[in-house]
S.K.: 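Pasting a structure here, questions to come.
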Amino acid sequence: MDTFPTSRLYNSKERKPTPNKIMANPTFDQLLEAGCHFGHLKRKWNPAMAPYIFMERNGIHIIDLYKTAAKLEEATAALKSIAKSGKKVLFVATKKQAKQVIADMAKSVNMPYVTERWPGGMLTNFPTIRKAVKKMTSIDKMIKDGTFDNLSKRERLQVTRQRAKLEKNLGSIADLNRLPSALFVVDVLKERIAVAEANRLGIPVFGIVDTNSDPNSVDFVIPANDDASKSIEVILGAVCAAMAEGLDERKAEKVDTAAAEGEDAPKRERRRVRRNEGEAEAEGEAPVAEAPAAE
């Protein structure tokens, strides 16, 4: 597909992207090497993507990677904040070249993901989806407590097949007990149902948006090639690195808080004793010494 020299698409006299605050964000050269700049054919473009298109070459739109870098920085900062607050981000990618990448990246930050067919109403009818997940849990309980062994051979086969189907479609969201705080979508056009459900519920959407997609339905647009696995991997790597950093900061804050509470415990105990003594003196009674704790 690269039939023309990409080194001449951008020159050194053009504007430079804002320095990345998160070190994991890819550089301009890394985005270029991954092919993030390749859009779709000119005849397939969405006019709403015009602000993110740098030029047209050989009938193919070229995405402005300076804007990609800037938008990616905004998205990673927002996702880091979400992860730091302990909220969940649901990753969605059902296209073949993105399935394995999204599964590996989401697992690395312990986030739910969907790589098979998007079950309609997964967000707007979330209680029904939770019932299906609970059904999977009940089957597992049957296997553990021996109820499964008492079933006939045909019934065991039916239950096994049902469990496998549920695991394939919903296994990756088994730990999602409430609606996610954000949605990350690889192909906005292909996952338009998921995006529409998130928009209806007011859930912010982060998305890799190609030149054939509508960016108006996405809150945090990352203009880039959403067909090349290397392009997807580079962007997801930056996103998940930022989220991992947010999770680490959350853990560090918890440790510091616990340590501070441990140090303040003796002070609080002394204040409590002094308060009791003051109340006893005000009432004209002798302060009562507390009995030592039994060892």
S.K.: Which pair of non-hydrogen atoms, one from Val218 and one from Phe206, has the smallest distance, and what is that distance?
M.R.: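 Taking Val218 first and Phe206 second, the nearest heavy atoms are CG1-C, 4.1 Å.
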S.K.: Please list all pairs meeting ring-ring contact (aromatic ring centres under 6.0 Å, His included) that have one or both residues in residues 155-176, counting only residues at least two apart or in different chains.
M.R.: none
S.K.: Check Ser213 against Asn46 and note the closest heavy-atom contact, atom names and distance.
M.R.: O-CB, 3.3 Å
S.K.: Please name the pair of heavy atoms, one in Leu65 and one in Phe28, separated by the smallest distance, quoted to 0.1 Å.
M.R.: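 Looking at all heavy atoms of both residues, the closest pair is CB-CE1, 3.4 Å.
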S.K.: Are any non-hydrogen side-chain atoms of Asp140 and Arg163 less than 4.5 angstrom apart?
M.R.: yes
S.K.: Does atom CD (Glu33) have a neighbourhood of more than 12 heavy atoms from anything else shown, all under 6.0 Å?
M.R.: no
S.K.: When clusters are formed by joining ILVMFWY residues with side-chain heavy atoms under 4.5 Å apart, either directly or through shared neighbours, do Ile208 and Met243 land in the same one?
M.R.: yes
S.K.: Quick one: pull up CG in Leu189 and NZ in Lys44 and give me the separation to the nearest 0.5 Å.
M.R.: 10.5 Å
S.K.: I'd like to check Tyr52 versus Asp64 (side-chain heavy atoms, cut-off strictly below 4.5 Å). Are they in contact?
M.R.: no
S.K.: Minimum heavy-atom separation for Leu183 to Ala194, with atom names?
M.R.: CD2-O, 3.6 Å
S.K.: Please report the shortest heavy-atom distance between His61 and Glu56, naming the atom on each side.
M.R.: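 For His61 and Glu56, the tightest heavy-atom pair comes out as CD2-CB, 3.9 Å.
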S.K.: Under the 3.5 angstrom rule, does the side chain of Thr76 hit a backbone N or O of Leu72 as a donor-acceptor pair?
M.R.: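 Yes; judged by distance alone, with no hydrogens or angles, the pair exists.
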S.K.: Would you indicate whether the side-chain heavy atoms of Pro180 and Leu123 approach each other to under 4.5 Å?
M.R.: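 With C-beta onward as the side chain, the pair touches.
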S.K.: Can you tell whether the side chains of Lys95 and Glu191 come within less than 4.0 Å, N to carboxylate O?
M.R.: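 Salt bridge flag = no for Glu191 with Lys95.
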S.K.: Run the side chain to side chain contact (heavy atoms under 4.5 Å, CB included) check on Ile60 and Lys42 step by step: do they pass?
M.R.: CA-CA 5 Å; Ile60 299 173; Lys42 183 180 178 181; over 6 Å; no
S.K.: Is there a path from Met49 to Ile63 through hydrophobic residues (I, L, V, M, F, W, Y) whose side chains come within less than 4.5 Å of each other?
M.R.: no
S.K.: Could you tell me whether the side chains of His40 and Asp227 share a donor-acceptor contact shorter than 3.5 Å?
M.R.: yes
S.K.: For residues Asn150 and Thr147, is any side-chain donor paired with an opposing acceptor at under 3.5 Å?
M.R.: no
S.K.: Could you check Lys153, Gln158, Arg154 and say which one makes a side chain to side chain contact (heavy atoms under 4.5 Å, CB included) with Arg156?
M.R.: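 Per the side chain to side chain contact (heavy atoms under 4.5 Å, CB included) rule, the option paired with Arg156 is Lys153, out of Lys153, Gln158, Arg154.
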S.K.: Do the charged groups of Arg192 and Asp214 touch, with an N to O distance under 4.0 Å?
M.R.: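 Salt bridge flag = no for Asp214 with Arg192.
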S.K.: How about Val92 and Phe184: do any of their side-chain heavy atoms sit closer than 4.5 Å?
M.R.: no
S.K.: So, does Lys88 use its side chain to make a donor-acceptor pair with the main chain of Asn110 at under 3.5 Å?
M.R.: yes
S.K.: Could you report the tightest heavy-atom contact between Thr94 and Lys99, atom names first, then the distance?
M.R.: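 Distance-wise, the nearest heavy atoms are O-CE, 3.3 Å.
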S.K.: For the residue pair Asp29 and Thr27, confirm or rule out a side-chain donor-acceptor distance under 3.5 Å.
M.R.: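 There is no such pair (donor and acceptor under 3.5 Å, judged by atom type) between the side chains of Asp29 and Thr27.
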S.K.: Under a 4.0 Å N-O cut-off, is there an ion pair linking Glu245 with Lys84?
M.R.: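 Lys84 and Glu245: not salt-bridged.
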